Amino acid sequence: MLNFRGGIHPPENKWFTEEKPIVDAKLPKKVVIPLSQHTGTPCKAIVTIGQDVKKGQRIGEPNGYVSSPVHSSISGKVISIGNFPHPSGKDSPSVVIEGDDRDEWSEGIKERPDYLSLGNDELRKIVMEAGIVGLGGAAFPTHIKLSPPKEKKIETVILNGAECEPYLTSDHRIMVERPNDVFEGLKIIMKILDVTKGYIGIEDNKPDAIETMKEIASSEPGIEVVALKVKYPQGAEKQLIKAILDGEVPSGGLPMDVGVVVQNVGTAVAVYDACRYGKPLIERIITVTGRGVNEPKNLRVRIGTPFSDLLAECGGFRNDPGKVIAGGPMMGIAQTTTEIPVIKGTSGIVVLTRKETEQVEYCPCFRCGRCIDACPMGLQPSILSILIERGRYQEAKENNLFDCFECGSCAYVCPAKRPMVQFMKLGKLFLSPKKG
Amino acid sequence: MNEKINYWKIFKNGIFSENPVFRLALSLCPAVAVTSGVKNGFLMGVAVLFVQTMSNITVSIIRNFIHPKVRIPSYIFIIAAWVTVTDLMMAAYARDVYKEMGLYIQLIVAFAIILSRLESFASKKNVLPSGVDGLGMGFGFLIALVLIGFVRELLGKGALWGYQFTPTKPLLIMILPTGGFFVMGLLMGFFNWINRRFFGGKASADVHMEAHRHGSH
Amino acid sequence: MLEDIGIIFIASALINNFVFSRYLGLCIFFGVTKRMETAIGMSITFTSVMVISAALSWLVYYIIMIPLNLGFLKIVIFIGIVSGFVQAADTIMKKVTPGLYYKLGIYLALIVTNCIILAVPLINASEKYNLLQSLTFGLGAGAGFSLALVIMASIRERLELADVPKSFEGLPISFVLTGLIALAFLGFSGMIPL
Amino acid sequence: METKAEKREKQLLVSIGPHIGSEESIPRIMWAVSISLLPAFIISVYYFGLRAIAVVGVSVLSCVIFETITQKMLKKKVTISDGSAFLTGLLLGLNLPSSIPLYQPVIGSLVGIVITKHLFGGLGYNIFNPALIGRTFMLITWPRPMTTWYKPVAGITTMDAITTATPLGILKEDGIGKLIETFGDKMNLYINLFLGNRAGSLGETSVIVLLIGAAFLFYRGYITWHIPFSFVGTVMALTWIFGGKGGLFAGDPILHLLSGGLILGAFFMATDYVTAPAIRKAQIVFGIGVGALTVLIRLKGGYPEGVMFGILLMNCFSPLLDRAFKAIPFGTIKRK
Amino acid sequence: MREMLKIVISLFAIFVGAGLILSYVYAKTSTVIYNAQVREKEAALKKMSPEAEKINVAGKWLLYEKPNEYYEAKKGNKVISYIASTTGKGYSSYIKILVSTDPDLKIKAIDILSHSETPGLGDEIEKKDFKKQFEGKVLENIELLKVETKDKIQAISGATISSRAVTKGVKEAVKLLNEKYGKGLSKE
């Protein structure tokens, strides 16, 4: 089984939704569309209050190289532009649109049955214009990943279907329900990058997805579907590359440094939708799940829909909810309120009960070494956390603190319940040039 | 009045605020090595007291004669001479103690405390204050050694100055090397605690490295 | 003969370790073990000086002092040899290998006032070791001292991160620690039936 | 007016991820290790009588009390419920002879808990295993009571038992012939050692019950093979090679495996998280080191048993080993 | 050059000064030290045979390569006791022992002069109970047993190595005395 060093295996808890087909969420009455839904510079709003907008109409203009446009996800009227709560925890400039229930497409949307005949630059432009970002969670603008610098020769594209976060099943459902679209998307990406070798990596706990994908892949030379060991964080780029290609991305480097581009399966579908149907990224699949919701579901959701709408659609809370998490329980962000919009990077909403999230006081590290075994980056989180606890940030840096991508494996296994990720974030904050 | 040198202050200095063992953390080896009993500690203390005072006086007397470029070797020769005197005297007149700690008596020559006092005090001052400084330092050293010896002998042998109180040895380990380190560490920690608790002072500084550098350049 | 040499080496390095059972070199031991780098630098410097001064002292002691019946001057002479040698090494190193000098030079300066350097020739003289035995003793003692320094430095690096009670920070806890290491080293006692 | 739902929403917890954690916690591990030692304790009561309860009881109680007092004095949170002081007391008690005067374990606990553990910053920071330091301190301080062993007599007996030497003591003093003679024949010797029907520290004698406890710890994943196996393996290999009188490869590794405190030490004390290296490769070296030192002391040293000193000596090296075998950061291995 | 000369003179003067003082002290103390050593040795021997008027060195012998001596203790012209110094190879040190026998080579007393055996265990060889066991024993009886015994020597429990070292040292000494003063000789 394909594997990498370290990692953990928390209870998967995917049974809530893994068998449930994707259903369309109700059309939201009102959407809040943040202008920053991607890694990089936020967009500039190009609409004004009171303006009527259509579905798919661009409302935010990219502002700089690493940026991506945003589009209205419903048709209606802009009622407010200002700072609103954002899943990242900070308020963020957003456009609020009140729906008119007509759900009309904007005029610019046109289908391209002949998309395969388009040139690479054209395709890249479509991806950019459609505002596609990585849908796995990091939300890095896809068109940048598809435009590697000349000196980096890309040889392989890996489609990430690992979905290693517990609870989440959206990628799983996509692969089972839209396998062909996933493949088409991958082929577009491979074409843009001029690559002949593609992999689709899927964790071994989704046998139906593996089977479906393998079937299609059998007729596609150059594309290989590989089963991965069920282990968190199998879906992290570097770990995925290690597992499939046995290549290690150097410290501080990017996948393209070893000639690889990794894309999420959801992103591949979005790419296909954009190229084939001209649809910008205005909706995504998310999993609403956890012991704190009545009817866990996989939903197709318009970007900007408030969490509260979706939770209501899933039968509301139950079991005294303690935490609402945007994303998976490992790397997702806990929210203070449910009046938060779904953004492009929201892969799920997990509601944990109060009992599940009981907080315990943490103890001093007692050097059991579990975190060292668990760390997928080969770090020693125990030492790092102690160094940071004592304010010795520079030494933490010397111990490769910046290799940490905050996957939380160390914190998960820690018997002393030390808030490792918090320490790592703190350390990086102190070391960042702004804070000196 | 101001011109008068406060001899009492110089003397007291060595015993309390610059106690060579507990405060300056200098010359730690004998503090552990010869303190398995009060008597040994006392005699070692006397030996150091003697060497320190005599060397201080000697250096103070001939300080103008010593060439500054070779002052360290000169000091070392002077100390070595006085140590040899002590060594021979003890070998002659305190034989049973000498058998146990002869090596450490000879090693007084390498005690950083003595050299550093010569360099920092005796080489600049007159004979009388230098002598008093030597006495103070020596006494501070002696008191520290007796104190450690007291604790170790009492706990380790149930005896004081060889006089047995208890039929058996209560905590034998205390007279072994490991016990010596324990007692040193615990006493230092205890004094730090008292100092912090009641006098609001700082813990004894790790100044010995400084003193070493000082002494040997 | 070879066995004899081996015994002297092991005895001086482990069983009668200078720090843990002879209580020698403590000032340096506590002084330079705050950082691993200095501990290693000190180990190298000390061991070489110990071996060389053991040899020089032996030659002077048996070729000059004993025939002239000057045994009682051994303290003065030995310290003269050690400081002279260190001074010479200092000067030569500065000229010949400045790189090494800047790494180890500062330790050289600390050596003169250190009792273990002097203890080696004194013990050699009182045990009446021959030249080879004296060299072995110097090497063993140096190795034992180096071992102590390196262990101590690695432990103190960890201790620096520990939540030691305020009054015990620094020297007191180092003393207690040394006591505990000495306790462990008691396991070697009786290893060589003398 | 806030609705009920809104009110509840306000109480949503916010923290940095991960939002789920494993079941393991320090108390859970400590108490599980304590439980795994339960069979050894029960068998010690069977072999050494009520005295075993008294010795272990005093050790445990004084460790817990000293932990409470020290933490109060240092104005720290009292953490006796995490079981670490209990475990220290249990290990100390099981490492003592049955006849030890009862005030002595109190001092041993004092040294273990206060000096070895709390002076160094408490749980997680101690350099040495507190129970072992307590025991070694006692061995050096009261060598006579600490080396007076009684023959185990099944059933509830007290002090009228007969003093004898431990198997390793007999082996060291009189050689293997005498040892076999004491137990009848070689097979009998092995069986008695395996069952624990021999003189020794309370908890070290019965290999079988210790292995049951160790199996439990393996099953729960609280110990890994690295330390115990490299330790035991090294002891067996070296005793086989050097343990015999008639030249190399003439030793009796099984005898060395079954006697002394090897099993107790290898599975329950050398594996102590705090004082052993945390890196797996370093743990193997650690285990080999403990094994080699144990054999060195058993065969050449002044004491018949070397496990305790072996572990303590290697405890000194743990930080160094962790340093030397630092984990390899991801990305340092080039793509093949 | 002048500077150099100054340095040399300064150092040399200190050196010579120190040398002179030391020589003086050495001259004064060396005899004291020598005498003290002699007196100590005499006192130790005298303790072994208090009624002797004269104790003479009768010969030297080696054990574990350590030099030892044996003596004849005389009252008037009659030998009343033989004394031998001997060595035991102990647990952590060489044990220096004195043994005295009466003219028929039965042990009168033994004494431990110096050792550094383990405190609390090995150092019990200094205890009267242990040393007394040797009194009245002849060569054949000097044997260490680990059980209770009247006519042999019983080991100190937990300190077998030290006990054995003393016993062996004593045995070697008595053996030597037997060789030198075997029954026939001692009668004359």
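Not measured: the values here are computed from a predicted model. Side chains included, hydrogens not; waters and symmetry mates left out as well; all remaining heavy atoms used. Labels below follow one simple rule: chain letters A, B, ... track the order of the sequence lines, proteins then strands, and each chain is numbered from 1.
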Heavy-atom pairs under 4.5 Å with chain C: which of Ile79(B), Val83(B), Leu186(B), Ile114(B) has the most? Leu186(B)
If you count heavy-atom pairs under 4.5 Å between each of Val19(C), Leu24(C), Leu177(C) and chain B, which one has the most? Leu24(C)
One option among Ala80(B), Gly180(B), Ala91(B), Gly189(B) has the most heavy-atom pairs under 4.5 Å with chain C, and it is Gly189(B)
Decide yes or no for Phe20(C) and Thr178(B): does some side-chain heavy atom of the first lie under 4.5 Å from some side-chain heavy atom of the second? no
Engaged part of Phe29(C) at the chain B interface, taking heavy atoms whose separation is under 4.5 Å: neither
Sort out for me which of Phe77(B), Phe181(B), Phe191(B) touches chain C most, counting heavy-atom pairs under 4.5 Å. Phe181(B)
If one checks every heavy atom of Ala81(B) against chain C at 4.5 Å, the contacting part turns out to be backbone
Side chains of Ile173(B) and Leu183(C): does their closest heavy-atom pair fall under 4.5 Å? yes
Take atom CE in Met54(B); do more than 12 heavy atoms of anything else shown fall under 6.0 Å from it? yes
Are there over 12 heavy-atom neighbours, none belonging to Phe150(B), within less than 6.0 Å of that residue's CZ? no
For Phe168(C) and Asn192(B), run side chain to side chain contact (heavy atoms under 4.5 Å, CB included): C-alpha distance rounded to whole Å, both residues' side-chain angles, the deciding distance at 0.1 Å, then the answer. CA-CA 7 Å; Phe168(C) 280 87; Asn192(B) 280 347; over 6 Å; no
Side chain to side chain contact (heavy atoms under 4.5 Å, CB included) between Arg22(C) and Tyr104(B), intermediate numbers included: CA-CA 10 Å; Arg22(C) 283 197 208 251; Tyr104(B) 297 96; 4.3 Å; yes
So how far is it from Phe72(C) CZ to Leu88(B) CG, rounded to the nearest 0.5 Å? 7.5 Å
Roughly how far, to the nearest 0.5 Å, is the OG1 atom of Thr84(B) from the NZ atom of Lys74(C)? 9.0 Å
Identify, with sequence neighbours excluded, every residue that meets salt bridge (Lys or Arg N to Asp or Glu O under 4.0 Å) alongside Arg158(C). Asp322(D)
Measure Leu180(C) against the heavy atoms of chain B and call it side chain, backbone, both or neither at under 4.5 Å. both
Using 0.5 Å steps for rounding, measure from the CD1 atom of Ile108(B) to the CG atom of Leu118(C). 11.5 Å
Does atom OH of Tyr98(B) have more than 12 heavy-atom neighbours from other groups under 6.0 Å away? yes
Nearest 0.5 angstrom please: Ser174(C) OG to Met188(B) CE, how far? 9.5 Å
Drop me the distance from Ile79(C)'s CD1 to Leu107(B)'s CG, to the nearest 0.5 angstrom. 9.0 Å
